[in-house]
There are 2 protein chains.
Amino acid sequence: MSAVEKAFHGLRHMIGTGRLGPGERIPPEGELCEELGVSRGSLREAVRMLAALGVIEPRHGSGTYVSQLRPEDVIGSLSLTLELLPLSGLLEVYEIRRVLEAHVAAQAAARCTPENIRTLFSLIDAMEATSDPAEASELDHRFHAEIARVGGNPTLATLLAVFRARSRKYQVFTLPEGPELRRKSDDDHRVLATAIADHDPVAAAGAAQAHVAQTERWLRAFMPPVEEVERVEAPGSAD
Amino acid sequence: MSAVEKAFHGLRHMIGTGRLGPGERIPPEGELCEELGVSRGSLREAVRMLAALGVIEPRHGSGTYVSQLRPEDVIGSLSLTLELLPLSGLLEVYEIRRVLEAHVAAQAAARCTPENIRTLFSLIDAMEATSDPAEASELDHRFHAEIARVGGNPTLATLLAVFRARSRKYQVFTLPEGPELRRKSDDDHRVLATAIADHDPVAAAGAAQAHVAQTERWLRAFMPPVEEVERVEAPGSAD
DNA sequence: GCCCAGAAGTCATCTGATGACTTTCACGGT
DNA sequence: ACCGTGAAAGTCATCAGATGACTTCTGGGC
C-alpha cells in the first residue's frame with residue numbers, strides 16, 4: 001500500500017470507528033505523520049482527498065476538523081465534478097432526477113403548509129415578471145429547491161440541487177427559442193404548484209415528472225448535437 | 001485563492017472545456033506547475049483531490065489520465081465516504097433508496113429477458129441454499145445488482161450499489177434473529193423476482209419498495225440505539 | 001472589565017533530492 | 001526479418017527541511 005493510501009485509510013478508519021467524531025479537531029500534522037508512518041507531504045495529500053469528499057475541513061492556522069458527517073456533506077462533493085460530465089452521459093442522470101423530483105413533489109403535496117404555498121407562488125410570479133434569463137434561472141432553482149425542502153429529506157434535496165446545477169449550466173433560456181420555452185416552463189410550474197397546494201400527491205408527482213422530461217427534451221433538441229463518435233479508449237495505439 | 005485551489009480549478013477547467021478529454025493523459029507535473037504557477041506539492045494535492053472524486057487517475061511511472069467521465073466514475077467516489085455516515089443520518093438515504101429500487105424494479109420488469117429471469121432465480125436458489133451469512137450477503141447484493149443492471153441505467157445501478165454497500169456493513173444476518181430475517185428476506189426476493197418475470201412493473205415496484213422498507217425497519221430495530229444527543233455544533237468549550 | 005500586543009500552535013507553500021515504476025528503443029541473437 | 005533483452009528516458013511517489021500566513025491563546029496595561 002502506498003504512503004498516501006496508508007494515510008487515507010488510516011484517517012478514514014479513525015473517523016469510521018468513532019475515534020474522531022463529527023466536528024472534532026484531528027491531531028496536528030506532525031503527530032499524525034508519526035502515528036501513520038508517513039511524511040507530511042503524503043499526509044497532506046490524504047487530507048486533501050478527504051476534504052474533497054466532504055469528510056474533513058482544514059482551517060488555515062486553526063487545525064483540521066471532521067465535518068458533521070451529514071449525508072448532505074458528502075453528497076455535496078458531487079457538485080464539484082458532475083458538471084464535468086459530457087452531455088451524452090447526462091441522460092441517465094435525468095432519469096434519476098425525474099424519479100426523485102416526482103417523489104419530492106408528492107411528499108411536498110402531503111406536507112406543505114399555507115406559507116409554503118405562498119412562497120412557491122411568489123417565486124412563480126417573480127419568475128414570470130423578470131426578463132433576465134440569469135435571474136429566471138436562479139428563481140427556477142429556488143422554486144424547485146423549496147419544493148425539495150418541503151419534501152422533508154435534506155439529503156434528497158441536496159442530491160437534486162446537485163443534479164439541477166448541472167443542467168443550469170446549459171442556459172437553455174438564452175437561446176432564440178428561450179422566451180417560448182420559458183412560457184411553457186412557467187405553465188409547468190403553475191400546474192405543479194397548484195397540485196401541491198391541492199395536497200394531491202399523484203398530480204404533483206406527475207407534473208414534476210413531466211416538467212423534468214420536458215427540460216430533458218429541450219436539452220436534447222437544442223444543445224450542440226452530441227458527438228456520436230464512439231469514445232476513443234486509448235490515446236495511444238491500442239491502450 | 002490558495003495555491004491548491006488555483007491548481008484544482010485550473011485542472012478542472014482544462015477538463016471542463018475539453019482541452020483534456022476522457023482517457024487522455026495530462027501534462028507531466030513539471031509542465032503543469034509552470035503553467036498553473038504553483039509548486040509540485042500544491043499541484044499534487046490538487047491532483048489527489050480530483051482523483052478522489054473519480055475525475056483523474058494517476059498511474060505510477062506512466063502519467064496521470066483523465067477518467068472516462070462516465071456518471072458511474074464520479075458517483076463511485078461516494079462509496080469511499082458513505083460508510084462513514086452515522087446511522088442516524090442514514091434514514092434519509094433509505095428513503096432515496098426505496099424510491100430508486102422501486103423504479104429500477106419496474107424498469108427491469110418491463111425489459112427483462114428469459115435469461116435475466118433465470119439468473120435472478122438461480123441467485124435466489126443459491127441464497128436459500130447457503131448457511132454462510134457472508135455468502136448470503138454477497139448473493140443478496142448480486143441479486144439486487146442484477147435487477148439494477150437489467151433496469152438499463154448504469155448510473156442508477158452504481159448509485160444503488162453504493163447505497164447498498166453502506167447497509168451491508170451492518171451484517172444484520174449475523175444477529176440471533178438472523179435466520180428468521182433471512183427467511184423473510186428470501187420470501188421478499190421471490191415475490192420481487194416473480195413480479196419481474198411476470199412483466200408486472202407495478203407489482204415489482206411495490207415488492208422492491210416493501211423489501212427496502214423492511215430492511216430499514218430491521219436496522220432501526222436491531223442496531224445499537226441511535227444516540228439521540230443533539231450534535232454539538234461548536235468544537236470549542238463544550239466539545 | 002476591556003483591549004491590545006506578543007507568543008505559541010497550526011496549516012500552507014516552496015525547494016531540492018532520491019526512489020520506484022513504466023514505457024520506449026536500440027542492440028544483438030536467431 | 002523477427003523477437004527478446006536490457007539500458008535509458010520519462011514520470012509519478014516519497015521524504016526532508018525551511019519559511020510564511022493565519023488563528024488562537026495569554027498576559028500585561030489601562
Side-chain angles (χ1 to χ4, degrees), chain A residues 1-12 14-15 19-21 23-67 232-239, chain B residues 1-12 14-15 19-21 23-67 232-239:
Chain A
M1 184 156 54
S2 73
V4 174
E5 282 176 57
K6 207 195 313 182
F8 180 81
H9 288 115
L11 274 171
R12 200 168 60 126
M14 287 183 198
I15 296 169
R19 181 171 153 198
L20 296 174
E24 195 172 335
R25 189 175 79 174
I26 74 177
E29 292 178 346
E31 289 181 29
L32 281 177
C33 288
E34 189 176 356
E35 174 171 350
L36 297 170
V38 300
S39 71
R40 282 203 302 284
S42 299
L43 175 73
R44 284 182 57 78
E45 291 183 24
V47 166
R48 288 287 188 184
M49 290 171 72
L50 286 167
L53 294 168
V55 173
I56 62 181
E57 177 193 348
R59 300 180 201 167
H60 191 172
S62 172
T64 300
Y65 299 80
V66 180
S67 83
V232 179
E233 186 72 20
S237 55
D239 182 14
Chain B
M1 182 157 52
S2 73
V4 173
E5 281 176 56
K6 206 197 309 184
F8 180 81
H9 288 114
L11 273 171
R12 201 169 60 125
M14 288 184 198
I15 297 169
R19 180 171 154 197
L20 296 173
E24 197 172 335
R25 190 175 79 174
I26 74 176
E29 290 178 347
E31 289 181 29
L32 281 177
C33 289
E34 188 176 358
E35 175 170 349
L36 297 169
V38 300
S39 71
R40 283 200 303 284
S42 300
L43 174 72
R44 283 182 58 77
E45 290 182 25
V47 165
R48 287 287 188 184
M49 291 171 70
L50 286 166
L53 294 168
V55 174
I56 62 181
E57 177 194 347
R59 300 180 201 166
H60 190 174
S62 172
T64 300
Y65 298 80
V66 180
S67 82
V232 179
E233 186 69 23
S237 57
D239 184 9

* Asked: Has B:Ser42 got a side-chain N or O lying under 4.0 Å from the OP1 or OP2 atom of C:dC14?
  -> yes
* Where the side chain of B:Glu29 is defined as all heavy atoms beyond and including C-beta, which of D:dT24, D:dC12, C:dT10 is the nearest nucleotide? -> D:dC12
* To do: State which residues pass side chain to side chain donor-acceptor pair (under 3.5 Å) with B:Glu5; sequence neighbours excluded, sorted by chain then number.
  => B:Ser2
* **Sequence-distant partners of B:Ser67, side chain to side chain contact (heavy atoms under 4.5 Å, CB included), two or more places apart** => B:Leu69, B:Asp73
* C:dT10 phosphate, OP1 or OP2: any side-chain N/O from A:Arg25 under 4.0 angstrom? -> yes
* Asked: To the nearest angstrom, how far is B:Lys6 atom NZ from C:dA12 atom C1'?
  -> 13 Å
* To do: Check side chain to side chain donor-acceptor pair (under 3.5 Å) between A:Arg44 and all other residues, then give those that pass, not counting sequence neighbours.
  => A:Glu29, B:Glu45
* Given C:dG9, is OP1 or OP2 found less than 4.0 Å from the side-chain N or O atoms of A:Ser62? -> no
* Asked: Hey, can you pull the residues of residues 44-52 of chain B with a non-hydrogen atom under 4.0 angstrom from DNA chain D?
  -> B:Arg44, B:Arg48
* Measure the CD1-CD1 distance between A:Ile56 and A:Ile26 for me, rounded to the nearest 0.5 Å. => 5.0 Å
* Asked: Rounded to whole angstroms, how far apart are CZ on B:Arg59 and C1' on C:dT24?
  -> 17 Å
* What does nucleotides 16-21 of chain D look like as a protein-contact string, B for base, S for sugar-phosphate only, - for none, at under 4.0 angstrom between heavy atoms? -> -BB-BB
* List for me each residue that meets side chain to side chain contact (heavy atoms under 4.5 Å, CB included) alongside A:Ala52, sequence neighbours excluded, and say none if there are none. => B:Met49, B:Leu53
* Asked: Got a sec, which residues hit side chain to side chain contact (heavy atoms under 4.5 Å, CB included) with B:Pro28, two or more places apart in sequence or on another chain?
  -> B:Glu31
* To do: Take the protein atom CD of A:Glu57 and the nucleotide atom C1' of D:dT23, then report the distance between them rounded to whole Å.
  => 14 Å
* Report yes if at least one side-chain N or O of A:Ser2 is closer than 4.0 Å to OP1 or OP2 of D:dT14; otherwise report no. => yes
* Asked: Roughly how many Å is it from CD1 in A:Ile26 to P in C:dT10, rounded to a whole number?
  -> 12 Å
* Asked: Hey, does A:Leu43 have a side-chain heavy atom less than 4.5 Å from the side chain of A:Val4?
  -> no
* Under 4.5 Å between any side-chain heavy atoms of B:Ile15 and B:Glu24, yes or no? -> no
* Atom CG of B:Leu43 and atom P of D:dA13: how far apart are they, to the nearest Å? -> 11 Å
* Please identify each residue that fulfils side chain to side chain donor-acceptor pair (under 3.5 Å) with B:Glu35, with sequence neighbours left out. => B:Arg19
